[in-house]
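Notes follow once the structure below has been shown.
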Amino acid sequence: MNESIEKYLFDPIVGKFSTIVIGIGVIWLVVRLIQRNLLSKIQGNDNSYRAKKISNYAGYLLTIVLVTVVFSDRLGGLTVALGVAGAGIAFALQEVIASFAGWLAIMFGDFYKTGDRVQLGGIRGDVMDIGVLRTTIMETGQWVDGDLYNGRIVLIANSYVFKEPVFNYSGDFPFLWDEIKIPVQYGSDYDMARALLLEIGGKVAGDLTQQSREKWMGLQNKFRLEEAQTEPMVSLIANDNWVEFTLRYVVMYKRRRATKTELFTQILKSFEATNGAIKFASATFHLVEAPDFNVNIKK
């Protein structure tokens, strides 16, 4: 009995499995201690999230290295077989490999990060999580008007960053240029209308002018970009039916709908308070009855 127990304890296979179990336990204990004592002190949700993700991947990598080292003497004869099988596996898992390469590009290429609003693979929404193979997005739009959440969570393969354009609404420049069009009747006071629109634009969206200006100057220092106007501006065109004013302004990417609602509310009140000096235009269609006519049919 003692000999069998002793033989079992000193068996090389048992020793290697014991080494692996103990080694994995030590690796993940160290990872958890680092996450709890060091990474938890990192400022910012995004930096803390990324550091935690990297520490988890480091734990997985060290686990694989430990298993490989412990069983290295038994893997030598499988080199040729693994080489042949590896080519077939790489072909079969090319989408997985492309997604992993996409994850590396996302993490180190600054495509986007968690919390950013992006459009990827035809889906627009906020990035919830960036996994090794897929990016999780809380979708906006579709059957919901504006940039509001619709409640649908979408998983998109990371390989899409190599296949389609990546639209980032909140990267280095977290602002958007938006505009609204106001039809005004011919004969209205155009100068008053222009002055009111500029005043309302500055009151509602003017506080972002300086912030967006500083961000744009930062982009100009980083990239080759021309000068851009961040102050509210009004343009005018005349067509067959009315005079059309366009108010252009800078807005935070998450407040497009709320800002547009406030602008329209202020514009309606201001124009109505002009006592007819400024009138909104509308299209009117008049249906004319067909004239009476007689039809004679000869036999």
**Q.** Criterion side-chain contact (heavy atoms from CB on, under 4.5 Å) on Val161 and Ile106, from CA distance to verdict
**A.** CA-CA 8 Å; Val161 298; Ile106 294 168; 3.9 Å; yes
Q. With no hydrogens and no angle check, is any side-chain donor or acceptor of Gln266 less than 3.5 Å from a backbone partner on Ile200?
A. no
Q: Rounded to the nearest 0.5 Å, what's the gap from CD1 on Ile267 to CG on Leu197? Could you check?
A: 5.0 Å
Q: Take Tyr249 and Leu263 through the test side-chain contact (heavy atoms from CB on, under 4.5 Å) and record every step on the way to the result.
A: CA-CA 10 Å; Tyr249 54 93; Leu263 284 171; 3.3 Å; yes
Q: Taking all heavy atoms of Ala105 and all of Phe111, pick out the closest pair and write down the distance.
A: O-CD1, 3.2 Å
Q | Full working for ring pair (Phe, Tyr, Trp, His ring centres under 6.0 Å) between Phe108 and Trp103 | A | CA-CA 9 Å; Phe108 299 103; Trp103 172 75; 7.1 Å; no
Q.
Looking at every heavy atom in both Gly115 and Tyr253, which two are closest together, and how far apart are they?
A. O-OH, 3.9 Å
Q: Examine distances only and state if a side-chain atom of Ser188 and a backbone atom of Lys279 form a donor-acceptor pair shorter than 3.5 Å.
A: yes
(Q) My understanding is that only residues two or more places apart in sequence, or in another chain, count here; which of them pass salt bridge (charged side-chain N to carboxylate O under 4.0 Å, His left out) with Lys181? (A) Glu179
Q | Hydrophobic cluster identity match, Tyr112 and Leu155, side-chain contacts under 4.5 Å | A | no
**Q.** Atom pair CE/OG1 of Met233 and Thr246 - distance to nearest 0.5 Å
**A.** 9.5 Å
Q: Compare every heavy atom of Ala98 with every heavy atom of Phe162, then report the nearest pair and how far apart it is.
A: CE1-O, 3.7 Å
Q: Verify the cluster assignment for Met192 and Val184: are they in a single hydrophobic cluster under the rule of side-chain heavy atoms below 4.5 Å apart?
A: yes
Q. Does Leu133 belong to the same Ile/Leu/Val/Met/Phe/Trp/Tyr cluster as Leu120, with side-chain heavy atoms less than 4.5 Å apart forming each link?
A. yes
Q) Are Asp129 and Arg134 side-chain neighbours, meaning at least one heavy-atom pair lies under 4.5 Å? A) no
Q. Hey, mind stepping through Arg152 and Trp143 against side-chain contact (heavy atoms from CB on, under 4.5 Å) and telling me if it holds?
A. CA-CA 11 Å; Arg152 188 164 63 179; Trp143 63 88; 3.8 Å; yes
Q) Can you tell me how far the OH atom of Tyr169 sits from the CG atom of Leu176, to the nearest 0.5 Å? A) 7.5 Å
**Q.** Pair Asn241, Tyr186: side-chain N/O donor-acceptor within cut-off below 3.5 Å
**A.** no
(Q) Check whether Asp116 reaches the backbone of Val118 with its side chain - one donor and one acceptor, N or O, closer than 3.5 Å. (A) no
Q: Working to the nearest 0.5 Å, report the span between CD1 of Ile180 and CG of Leu247.
A: 5.0 Å
Q. Shared ILVMFWY cluster between Phe271 and Phe245, side chains joined below 4.5 angstrom?
A. yes
(Q) Taking atom CZ as the centre, does Arg255 end up with more than 12 heavy-atom neighbours from other residues, nucleotides or ligands that are less than 6.0 angstrom away? (A) no
Q) Below 4.5 Å, heavy atoms only, C-beta onward: do Phe175 and Val251 meet side chain to side chain? A) no
Q. Taking C-beta and beyond as the side chain, do Val127 and Thr136 meet within less than 4.5 Å on heavy atoms?
A. no
Q.
Please give me the minimum heavy-atom distance between Val132 and Asn158, naming the atom from each residue.
A. O-ND2, 3.1 Å
Q) When rounded to the nearest 0.5 angstrom, what is the spacing between CZ in Arg117 and OG1 in Thr140? A) 5.0 Å
Q. Roughly how far, to the nearest 0.5 Å, is CD of Gln119 from CD of Glu139?
A. 10.5 Å
(Q) Please check if the number of heavy atoms outside Arg124 that lie under 6.0 Å from its CZ is greater than 12. (A) yes
**Q.** Minimum-distance pair of heavy atoms, taken over all atoms of Phe280 and Gln185
**A.** O-NE2, 3.2 Å
Q. Would Asp191 and Arg194 pass as an ion pair if we require N to O under 4.0 Å?
A. no
Q. Are the side chain of Thr135 and the backbone of Ile130 linked by a donor-acceptor contact shorter than 3.5 Å?
A. no
Q: Taking the side chain as every heavy atom from C-beta outward, state whether Phe264 and Ile182 have any atom pair closer than 4.5 Å.
A: yes
Q) Can you list the steps and then say if Trp28 with Tyr60 is a side-chain contact (heavy atoms from CB on, under 4.5 Å)? A) CA-CA 9 Å; Trp28 286 102; Tyr60 296 138; 3.4 Å; yes
Q: Give the cluster check for Leu104 versus Met107: same hydrophobic cluster or not, with ILVMFWY residues linked at side-chain heavy-atom distances below 4.5 Å.
A: yes
Q: Quick one: closest heavy-atom pair of Ile153 and Met138, and the distance?
A: CG1-CE, 3.8 Å
Q | Polar side-chain atom of Thr259 near backbone of Arg256 as donor-acceptor pair, under 3.5 Å | A | no
